[in-house]
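Order of the sequence lines fixes the chain letters, A, B, ..., with proteins taken first and strands second; residue numbering starts at 1 for each chain.
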Amino acid sequence: MAAGEELTLSSHIQHHLTNAKVCTTEAGVSFNKACSEAGFWTWHIDTIAWSVGLGILFLWLFRSTAKKSTTGVPGKFQCFVEMIVEFVADNVKDTYHGRSKLIAPLALTIFVWVFLMNLMDLVPVDILPFIAQQVGAQAFGMDPHDVYMKIVPTTDINMTAALALGVFILMIGYSIRIKGVTGFVKELTLHPFSTSNLPLQIVLIPFNLLLELIALVAKPFSLALRLFGNLYAGEMIFILIGAIGLMQLPLHFVWAVFHILVIVLQAFVFMMLTIVYLSMASSDNH
Amino acid sequence: MNLNATLIGELIAFAVFVLFCMKFVWPPLMSAIEERQKKIADGLAASERADKDLQIAQEKAKEQLKEAKHQAAEIIEQAKKRAAEIVDSETQRAHQEREKIVAAGQAEVEAERNRVKEELRQQVATLAIAGAERILARQIDAAAQSDIVEKLVAEL
C-alpha cells in the first residue's frame with residue numbers, strides 16, 4: 001500500500017498474491033518480473049525462506065526441549081512439547097498398525113511445520129510486505145511495486161505440492177517394501193474387478209489399472225490442493241478485508257478467529273491423511 | 001501459482017526436516033515420556049503396596065493392643081487375689097499373736113497374784129502373831145480373848 005493512490009484493488013490483490021521470484025537469465029541472476037520468461041527454473045525465495053525458517057524454528061524448539069528434557073517433573077514448555085508429541089504419537093498408534101520408525105516423526109514434522117506455516121496467515125497481511133517494500137526501496141533502490149513478499153508458504157502450490165509429493169513417494173516406497181513389486185503391481189491390476197476366469201481377468205486389467213492409478217494419484221493431489229485451497233482462500237479474504245478501510249477491524253477479528261480453527265484443522269487433516277495413506281500403503285489386504 | 005523449481009527445494013527441505021526430526025527430536029522426547037510413564041507407574045504401584053502394608057501393620061497393632069489389654073487385666077486380677085490372700089493370712093497371724101500375748105500376760109498376772117497372795121499371807125500371819133503377842137502381854141485372860149484369836153485364825 002506504499003503508493004496506494006495509483007493502485008487499483010485488483011492490482012493490489014495481485015501484488016499480494018505474487019511470490020518473490022529468483023531465476024537465472026542471460027543477464028545473470030534476475031528477480032521477479034524479469035523472471036516471467038524463466039519457466040520451470042524459477043525459485044520462490046519468499047516461500048523457501050519462510051518455510052525453511054519456520055521448519056528450523058520448529059526443529060530448534062523441539063530439539064532444545066528434547067536435549068533438556070528430564071524424566072522428572074517437566075517444565076511448562078516441555079509439557080507443551082510433550083503434549084504435542086503424545087497427541088501425534090496417539091494418532092499414529094491408533095491409525096498405523098505396522099512398525100515404522102519414520103511415520104511418527106514424519107507426522108510430527110508435518111503437523112507442526114504446516115501449522116507454523118499456516119500460522120503466518122494470522123499476521124496482518126500488509127505488515128511484512130510493506131516492510132519488505134520499504135527495505136527493498138531504501139536499501140536496494142528497487143521499485144516498491146517490484147518487491148513481492150508472500151509470507152504464508154502454504155498459499156504457494158509449490159509448498160503443498162512438495163509435501164504431498166514427499167508423502168506420495170513414501171506411499172509408493174512403503175507399498176513396494178511391504179508387498180514387494182509384484183504385490184504392488186497385483187494390487188494395481190487385480191482390483192477392484194477380479195475373477196477366476198483368466199481371459200476375462202486379462203480383459204479387466206486395463207480397467208483395474210486405470211481405476212487404481214486414478215485412486216492412487218488422487219491422494220497426493222487432494223492433499224496438496226486441500227491445503228493450498230484452504231489457505232489461499234483464507235489469505236485472499238484477509239487481503240480483501242484489508243482493502244476496505246476502517247470497517248476491516250471487526251471483520252478482520254471475526255475472520256481471524258475463524259481462521260485459527262482452519263489453520264489447526266488443516267495441519268491436523270494433512271497429518272492424519274498422511275498417516276492413513278501410509279497405513280493403507282503398508283497393509284496387505286485391499 | 002504455476003509449479004516451478006521451488007517444488008524441488010521444498011521437497012529437499014521436507015526430507016531433511018523429517019530425517020532430522022526422526023534422528024534427533026523424536027527419540028529423546030519419546031524416551032523421556034516413556035521413562036516418566038514407567039516412573040509414575042512404579043510410583044503408583046509402590047504407594048499401593050505401602051497402603052496395603054500400612055493396613056496390615058494397623059491390624060497387627062490393634063491385635064497386639066487387644067492382647068496386651070487382656071494380659072494387663074489378667075495381671076491385675078491376679079494381684080488383687082494375691083493381696084486379698086496376704087491380708088487374710090496376716091489378719092489370722094495377728095489374731096493368733098494377740099491371743100498368745102494375751103494368754104502369756106494372763107499367766108504372768110496369775111503367777112504374780114499367787115506370789116503376792118503367799119507373801120501377804122505370811123505377812124498377815126506375822127502381823128497376827130505380833131498382834132496376838134501384844135494383846136497377850138496386856139491381859140492374859142485367855143479365856144476371855146480366846147474368841148478373838150479364834151476369829152483371827154478363822155479370818156486367815
Side-chain angles (χ1 to χ4, degrees), chain A residues 17-19 21-23 35 38-45 47-48 51-52 55-56 58-59 61-63 65-67 69-74 78 81-82 84-86 88-89 101-102 104-106 108-110 112-113 153 155-163 165-167 169-170 228 232, chain B residues 1-70:
Chain A
L17 292 178
T18 307
N19 284 102
K21 298 190 194 78
V22 172
C23 61
C35 284
F40 181 78
W41 290 105
T42 311
W43 304 83
H44 288 166
I45 44 170
T47 301
I48 292 176
S51 64
V52 171
I56 288 170
F58 150 62
L59 289 174
L61 279 177
F62 276 55
R63 172 70 186 152
T65 311
K67 265 197 289 193
S69 69
T70 64
T71 57
V73 180
Q78 194 189 333
V81 167
E82 283 182 2
I84 296 171
V85 168
E86 274 200 83
V88 173
K101 278 193 175 131
L102 176 66
L106 173 76
L108 178 71
T109 308
I110 287 175
V112 182
W113 195 24
T155 58
D156 184 350
I157 187 72
N158 289 296
M159 181 68 232
T160 60
L163 288 171
L165 191 59
V167 173
I169 291 168
L170 282 174
F228 167 71
Y232 191 81
Chain B
M1 86 160 250
N2 41 353
L3 289 173
N4 57 31
T6 313
L7 176 75
I8 296 166
E10 295 293 0
L11 194 60
I12 293 166
F14 181 40
V16 170
F17 288 159
V18 169
L19 282 176
F20 186 89
C21 184
M22 192 171 88
K23 284 264 182 297
F24 302 111
V25 176
W26 188 266
L29 278 172
M30 221 43 207
S31 73
I33 291 172
E34 273 161 10
E35 209 164 306
R36 179 154 353 96
Q37 276 176 337
K38 196 173 154 289
K39 249 188 189 172
I40 291 171
D42 287 354
L44 284 177
S47 90
E48 208 166 296
R49 222 177 313 121
D51 237 19
K52 215 177 272 172
D53 283 358
L54 181 69
Q55 218 168 345
I56 289 170
Q58 273 177 342
E59 237 152 73
K60 216 177 189 176
K62 222 188 258 175
E63 214 161 278
Q64 278 183 346
L65 194 68
K66 217 161 104 184
E67 206 174 313
K69 267 184 184 165
H70 187 72

Under a 4.5 Å heavy-atom cut-off, does chain A meet the side chain of B:Ala32, its backbone, both or neither? both
When the 4.5 angstrom heavy-atom criterion is applied to A:Val81 and chain B, the contacting part is side chain
Residue, of A:Cys23, A:Ser51, A:Pro153, that accumulates the most heavy atom pairs under 4.5 Å with chain B: A:Ser51
Please identify, among A:Leu106, A:Thr109, A:Ile110, A:Leu59, the residue contributing the most non-hydrogen atom pairs under 4.5 Å to chain B. A:Leu59
To the nearest 0.5 Å, atom OG of B:Ser31 lies from atom CZ of B:Arg36 at 10.0 Å
Quick one: which of A:Thr160, A:Val85, A:Thr18 has the most heavy-atom pairs under 4.5 Å with chain B, could you say? A:Val85
Short side-chain to backbone donor-acceptor contact, A:Asp156 and A:Thr47, under 3.5 Å: no
Can you confirm whether the side chains of A:Gln78 and A:Glu82 place a donor and an acceptor under 3.5 Å from each other? yes
Report yes if some heavy atom in the side chain of B:Leu29 is under 4.5 Å from a heavy atom in the side chain of B:Phe24; otherwise report no. no
Output for pair (A:Phe62 CZ, A:Leu108 CG), nearest 0.5 Å, gives 5.5 Å
Among B:Ile33, B:Ile12, B:Ile40, which residue has the highest count of heavy-atom pairs closer than 4.5 Å to chain A? B:Ile33
With a 4.5 angstrom heavy-atom cut-off, could you sort out which part of A:Ile56 is near chain B: side chain, backbone, both or neither? both
Mind ranking A:Ala66, A:Ser69, A:Ala89 by heavy-atom pairs under 4.5 Å with chain B and telling me who comes out on top? A:Ala66
Measure distances from B:Gln37 to the heavy atoms of chain A and classify the residue's part below 4.5 Å as side chain, backbone, both or neither. side chain
Tell me whether B:Thr6 contacts the main-chain N or O of A:His44 through its side chain, where contact means a donor paired with an acceptor under 3.5 Å. yes
Between B:Asp53 and B:Arg49, does at least one N-O distance fall below 4.0 Å, as a salt bridge requires? no
When the 4.5 angstrom heavy-atom criterion is applied to B:Leu19 and chain A, the contacting part is neither
